[in-house]
Number of protein chains: 2
Amino acid sequence: MCARNTDTKEEILRIGKHFIQYYGYNAFSYADIARELNIKNAAVHYHFRGKEDLLIALVDKNIENYQSLSKQLNHSKMSTLSKLGKFIEPYSILCEAESICIIGSIASDYKTLPESVKAKISLLVEMVLGMVEQTLSEGKKKGELQFFESARTQALLIMTNLAAGVQLARISGKKDYENIRKAVIRRLKK
Amino acid sequence: MCARNTDTKEEILRIGKHFIQYYGYNAFSYADIARELNIKNAAVHYHFRGKEDLLIALVDKNIENYQSLSKQLNHSKMSTLSKLGKFIEPYSILCEAESICIIGSIASDYKTLPESVKAKISLLVEMVLGMVEQTLSEGKKKGELQFFESARTQALLIMTNLAAGVQLARISGKKDYENIRKAVIRRLKK
DNA sequence: AAAATAACTTACTTATTAGTAAGTAACTCT
DNA sequence: AGAGTTACTTACTAATAAGTAAGTTATTTT
C-alpha cells in the first residue's frame with residue numbers, strides 16, 4: 001500500500017495544525033513544515049497540493065471530530081454541564097499551549113481565502129454553534145442550566161468568550177482566560 | 001518642512017490599518033500598500049523602515065486615541081452605559097466594514113512578532129481592559145449598571161464578546177454580532 | 001540665489017515562496 | 001520475476017518579499 005513512511009501525511013497535518021494555531025495561517029510556509037519534519041518541501045506538495053488543500057484537510061478533520069462528539073453526546077447520560085465541558089476543555093488545552101483555535105486563527109486571514117475554503121469554515125462554525133445551542137436548550141429544559149438569552153445568543157456569548165479568551169491569554173496572560181472560563185460556567189449554574 | 005505630498009505618511013497608516021484589519025498582518029506586503037497609493041515600495045520604506053515600524057505606529061495611534069477617550073470620559077457627565085457605548089461602537093463600525101479589531105488581528109500573528117512590538121500591544125490591551133473595568137466599577141457604584149463578576153472579569157467577558165463577535169460575523173454573518181452586542185448591553189441593565 | 005532638506009523614484013539585491021518535472025528506491029500485486 | 005504503484009528526492013522555475021543605495025525634484029532655509 002505504501003512505502004517508506006506511513007504517517008508522513010499525518011505528521012504534516014499535525015505540524016500544519018500547530019503552525020496555524022501558533023503562528024497563524026499566513027505566517028508559515030511549506031518550507032517550514034518540511035524543515036520541521038526533515039523532508040523536502042516537494043514531499044509536502046505530494047501529500048497536499050497546496051496550502052489551501054492542507055487547510056481544507058484540517059477543517060475536515062475538525063468537522064469529523066465534532067460529528068463524532070455529537071454522536072457521543074447524543075447517547076450520553078452526562079449532565080448538560082459536563083457536555084458543555086466537552087466544548088470548553090479544548091480551549092483550556094489550547095490556552096495552555098499558547099495557541100488559538102483554528103476558527104479564530106482563520107478568522108483574521110478569512111478575506112485572503114478562496115470561496116471553497118470559506119464555505120467549509122462556515123460549515124464548521126455553524127456546526128459548533130448548533131451543537132452548543134442544542135446542549136444549552138437541553139440543559140434549560142432539564143432545569144440543569146440557567147440563562148436569559150436565546151440558546152443561539154447564549155451559545156454565541158460563550159463561544160466568543162472562549163475563542164477571544166485564548167487569543168487574549170497570549171497577550172495578557174493565562175489568568176485572564178481562567179477567569180473567563182470560570183465565569184462562563186458559574187453564570188450557567190446560578 | 002515637506003515637499004510633494006504632506007499626507008502620504010497618513011495614507012500609508014490608513015491603508016496599513018485597513019490591510020491589517022481586513023486581510024491580516026502577515027497577509028499583505030509593502031508592495032500592496034504602494035500599489036494602492038500609486039507610489040513605489042521604496043516610498044513606503046522611507047516613511048516606515050519596516051513592517052514592524054508601521055505596526056508600532058498604528059498601535060501607538062490606538063494608544064493615543066484611547067488616552068484621549070480616557071480624558072474625555074473622565075470629565076464627562078455621561079451615563080456609564082453611554083461611556084461603555086464608546087467602547088462598543090468602534091466594534092459595530094468594524095463589523096459593518098467586515099473587518100476585525102487590531103488586537104484580534106495581531107493576536108493570531110502574535111507569536112511572529114518581535115518582543116518590542118509585543119510589549120506595546122500588551123500595553124494597549126491592559127489600557128483598554130483597565131478603562132472598561134473602571135467604567136464598569138463606576139457604573140456599579142452609581143447603581144447604573146449591574147453585574148455579578150469582578151469588574152476585571154466583566155470587562156474581559158464584554159471585550160471578548162466584541163472582539164470575537166466581529167471575527168465571527170465575517171464567517172457567520174453580521175446578525176450574530178448584532179445579537180451579541182444587544183445581549184452585552186441588556187445584561188448590564190437588568 | 002545657493003545650500004540644505006524632505007519626499008520621493010529608479011534600479012537593484014537577496015531571500016523566501018509556491019510549485020513542478022523528472023528521477024529513484026521500496027514495496028505490492030500478479 | 002516483472003510491472004505497477006507509493007512515497008518520496010533532486011533540481012529546478014517564476015513570482016513575490018523585504019530592503020537599500022543612489023539619483024531626482026520640489027520646497028524651505030539662510
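Just so it is clear: chains get the letters A, B, ... in the order the sequence lines come, proteins before strands, and each one is counted from 1.
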Give a yes/no on whether any side-chain N or O of S29(A) is located under 4.0 angstrom from OP1 or OP2 of dT17(C). yes
Hey, does the side chain of H47(B) come within less than 4.0 Å of dC8(C)'s phosphate (OP1/OP2), counting only N and O? yes
CD1/I103(B) to CG/L124(B) distance, rounded to the nearest 0.5 angstrom? 4.0 Å
Length of the CZ-C1' vector between F28(A) and dT17(C), whole Å: 13 Å
Quickly work out the D32(A) CG to dA15(C) P distance and round it to whole Å. 17 Å
Integer-rounded Å distance: dC8(D) C1' and Y46(A) OH: 8 Å
What does Y30(A) touch in the nucleic acid at a heavy-atom separation under 4.0 angstrom: a base, only the sugar-phosphate, or nothing? sugar-phosphate
Identify, between A42(A) and A31(A), the residue whose nearest nucleotide on DNA chain C lies closer to the 5' end. A31(A)
Provide, to the nearest angstrom, the distance between the CD atom belonging to E10(B) and the P atom belonging to dA6(C). 18 Å
Can you tell me how far P of dT6(D) sits from CG of D7(A), to the nearest Å? 18 Å
Quick one: closest heavy-atom pair of S105(A) and I20(A), and the distance? OG-O, 2.8 Å
Establish, from distance only, whether the side-chain atoms of Y177(A) and S92(A) form a donor-acceptor pair under 3.5 Å. yes
Those residues that, when tested against Y23(A), pass ring pair (Phe, Tyr, Trp, His ring centres under 6.0 Å) (two or more places apart): F19(A)
Provide, to the nearest angstrom, the distance between the NZ atom belonging to K51(B) and the P atom belonging to dA17(D). 9 Å
Within this structure, what is the NE2-to-P distance between H45(A) and dT10(D), rounded to whole angstrom? 16 Å
Where along residues 33-40 of chain B does a heavy atom fall under 4.0 Å from DNA chain D? none
dist L129(B):CG -> F87(B):CZ (nearest 0.5 Å) comes out at 10.0 Å
Donor-acceptor pair between E144(B) and T80(B) side chains, under 3.5 angstrom: yes
Residue N41(B), side-chain atoms from C-beta onward, closest of dA11(C), dG19(C), dT17(C): dA11(C)
Between CD1 of I12(B) and P of dA7(C) the distance, given in whole Å, is 11 Å
Residues K118(B) and L113(B): closest non-hydrogen pair is CE-O, 3.2 Å
